[in-house]
Amino acid sequence: MSTADSPVTVPPFAVISGAQVQQALQGRHRQITELVEATYRRHSAGDSVNPPSYFLRFGDRPSARIIALPASIGGPSRVDGLKWISSFPQNVAAGLPRASAVLILNDHDTGYPFACLESSIISATRTAALAASAADWLSRGRPRPVRVGFVGTGLIARYIHTFLAGTGWSFGEIGVHDLSAGSAAGFRGYLEQSGAAGSIRVFDRAEQLIRSSDLVVFATIAGEPHVSDLSWFSHNPVVLHVSLRDLAPEILLASANFVDDVEHCLKADTSPHLAEQLTGSRDFLAGTLEDVMAGRVSVPADRPVVFSPFGLGVLDLAVGKYVYDEVARAGELHVIEDFFHELRRYG
Ligand SMILES: NC(=O)c1ccc[n+]([C@@H]2O[C@H](COP(=O)([O-])OP(=O)(O)OC[C@H]3O[C@@H](n4cnc5c(N)ncnc54)[C@H](O)[C@@H]3O)[C@@H](O)[C@H]2O)c1
């Protein structure tokens, strides 16, 4: 990487393992949430490039996909890059995580990739950090939720709970619901081990959990809506609809809807996309989370509030660059010598 007074050179190429990523992020929930929020605001102000995610799908493996999220962030820690993340839901039955990912960081001046990071942790981290931030912003005009419920209790639910707890939330009751009894039991075990305050209750049905929660987190792998009864939401909860496809459009049409980015979220058969198709308009959107942060839009307390975040590559980049800087500062970069080898134009 070059500075104004040094010559342009090929940056060393480093590989950063999941263990290093986890160590760099350990216990930094507030700091990372602030970083993610600041990056999200920067994106909303137009100081980023974040084209639509590209979904690679396969005829022979219809439930699987690999998504490419290229992005570029401006500002002082400017960086370009790409997250390449696989979702193979059938991995879970074989004891492997559903998602696996790498993040490539590219040098601003030369375009050279300078790092490849394990990125399932980074992806879960940025998702959970923005979810925790949304829970805070969207519940400011109402009594702070004390009963949280998780529908779908895999890795993302665990990270969201960790980030809620790590940014100051504590709950009197934690509800757990999953189609898989094993996942519900595993999540319960995690909650007990984490020392989470409050009683833990496993619900057999989503209805009971939703009716019993002021803050509802959807982190399933549902491909189409499975919740359509508006009466389950009559107590007007705040809903973090992280898995994006759980709620029937009718639920959204009766709620105050917030997204992270309108153009990104109204795609790929998300519930907001279905609501747009059903009504032929985007009027059902109250705004973006950034509209709320900036005070342009207020959050009603007399309706359910639904946040549907599509997930932005700029957030992965910001967290990935943070990790890279931490590992570099500790002098622990594993540089691959001679990674770029054919560097003389004529040999
Ligand atoms: N919006 C974002 O930015 C973002 C980022 C990362 C992940 N995600 C999404 O989060 C979701 C969860 O990811 P994960 O890695 O935790 O997956 P996972 O496979 O580890 O866990 C998902 C859990 O949901 C359960 N489930 C599936 N359908 C259900 C239903 N109808 N009701 C209740 N439980 C159900 C499964 O049994 C499983 O335990 C995925 O859909 C993923 O795409 C969103």
Side-chain angles (χ1 to χ4, degrees), residues 36 39-40 43 50 53 55 63-67 69 71 83 85-101 103 119-134 149-163 175-190 202-210 216-228 232 239-248 258-261 264-273 289 306-316 319:
V36 163
T39 307
Y40 172 59
H43 165 76
N50 201 135
S53 303
F55 285 62
S63 70
R65 63 179 190 226
I66 311 181
I67 311 178
L69 291 85
K83 175 168 79 165
I85 182 160
S86 307
S87 171
F88 279 56
Q90 277 151 12
N91 283 357
V92 173
L96 286 178
R98 174 191 61 84
S100 57
L103 177 71
S119 196
S120 68
I121 296 171
I122 289 169
S123 180
T125 295
R126 66 84 153 131
T127 304
L130 195 68
S133 171
F150 292 87
V151 182
T153 54
L155 182 90
I156 295 295
R158 168 156 72 85
Y159 267 73
I160 291 175
H161 176 267
T162 305
F163 264 82
V176 176
H177 168 71
D178 198 294
L179 291 184
S180 148
S183 293
F187 190 68
R188 183 191 190 119
Y190 147 75
V202 176
F203 291 88
D204 293 336
R205 295 175 51 215
E207 174 181 359
Q208 299 158 323
L209 175 134
I210 293 167
V216 182
V217 179
F218 281 94
T220 74
I221 46 160
E224 49 194 54
H226 57 101
V227 173
S228 56
W232 300 2
V239 180
L240 303 178
H241 185 213
V242 175
S243 37
L244 294 165
R245 296 175 185 86
D246 301 86
L247 300 176
F258 297 91
V259 295
D260 52 354
D261 181 298
H264 282 253
C265 198
L266 272 65
K267 279 199 173 80
D269 294 333
T270 62
S271 299
H273 190 201
L289 179 61
V306 179
F307 177 55
S308 301
F310 196 74
L312 297 165
V314 283
L315 305 185
D316 295 285
V319 176

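When a ligand or atom number is given, it counts from 1 through the structure's own listing order.
- In summary, the atoms of ligand 1 found under 4.0 Å from a heavy atom of Gly311, numbered by their order in the structure, are 3 (O).
- A heavy-atom separation below 4.0 Å is not found between Ala99 and ligand 1.
- Looking at ligand 1, you'll find an N or O of Thr220 within less than 3.5 Å of one of its N or O atoms.
- Between Ser243 and ligand 1, no pair of N/O atoms sits closer than 3.5 Å.
- Nearest approach of Ala157 to Gly152, heavy atoms of both residues: CB-O, 3.3 Å.
- Taking any N or O of Leu155, backbone or side chain, at least one lies under 3.5 Å from an N or O belonging to ligand 1.
- Under 4.0 Å from ligand 1, heavy atoms of Val242 appear from its side chain as well as its backbone.
- At least one N or O atom of Ser183 sits closer than 3.5 Å to an N or O atom of ligand 1.
- Within ligand 1, counting atoms from 1 as listed, the ones closer than 4.0 Å to a heavy atom of His226 are 30 (C), 31 (N), 32 (N).
- Within the structure, the closest approach of Arg205 to ligand 1 does not fall below 4.0 Å when heavy atoms are considered.
- Within the structure, the closest approach of Arg126 to ligand 1 falls below 4.0 Å when heavy atoms are considered.
- Any N or O atom pair closer than 3.5 Å counts here, and Pro309 shares at least one such pair with ligand 1.
- Interatomic distance, Leu240 CG to Phe150 CZ, rounded to the nearest 0.5 Å: 8.5 Å.
- Within a 6.0 Å sphere centred on CD of Gln90, heavy atoms belonging to other residues, nucleotides or ligands number 12 at most.
- A distance of 11.0 Å separates CG of Asp178 from CG of Leu209, quoted to the nearest 0.5 Å.
- The distance criterion of under 3.5 Å between nitrogen or oxygen atoms is met by Arg98 with respect to ligand 1.
- Residue contact check: Arg65 has heavy atoms under 4.0 Å from atoms 43 (O) of ligand 1.
- Between the NE2 atom of His226 and the OG atom of Ser243 there is a distance of 6.5 Å, given to the nearest 0.5 Å.
- Classified by interplanar angle (parallel below 30°, tilted 30° to 60°, perpendicular above 60°), the ring pair His264/His43 is perpendicular.
- Counting heavy atoms under 4.0 Å from ligand 1, residue His264 does not touch it at all.
- Counting heavy atoms from C-beta outward, Thr39 and Arg126 have side chains that stay 4.5 Å or more apart.
- Of the heavy atoms in Thr127, only side-chain atoms (C-beta onward) come closer than 4.0 Å to ligand 1.
- Residue contacts with ligand 1, taken as heavy atom pairs separated by less than 4.0 Å, do not involve Gln90 at all.
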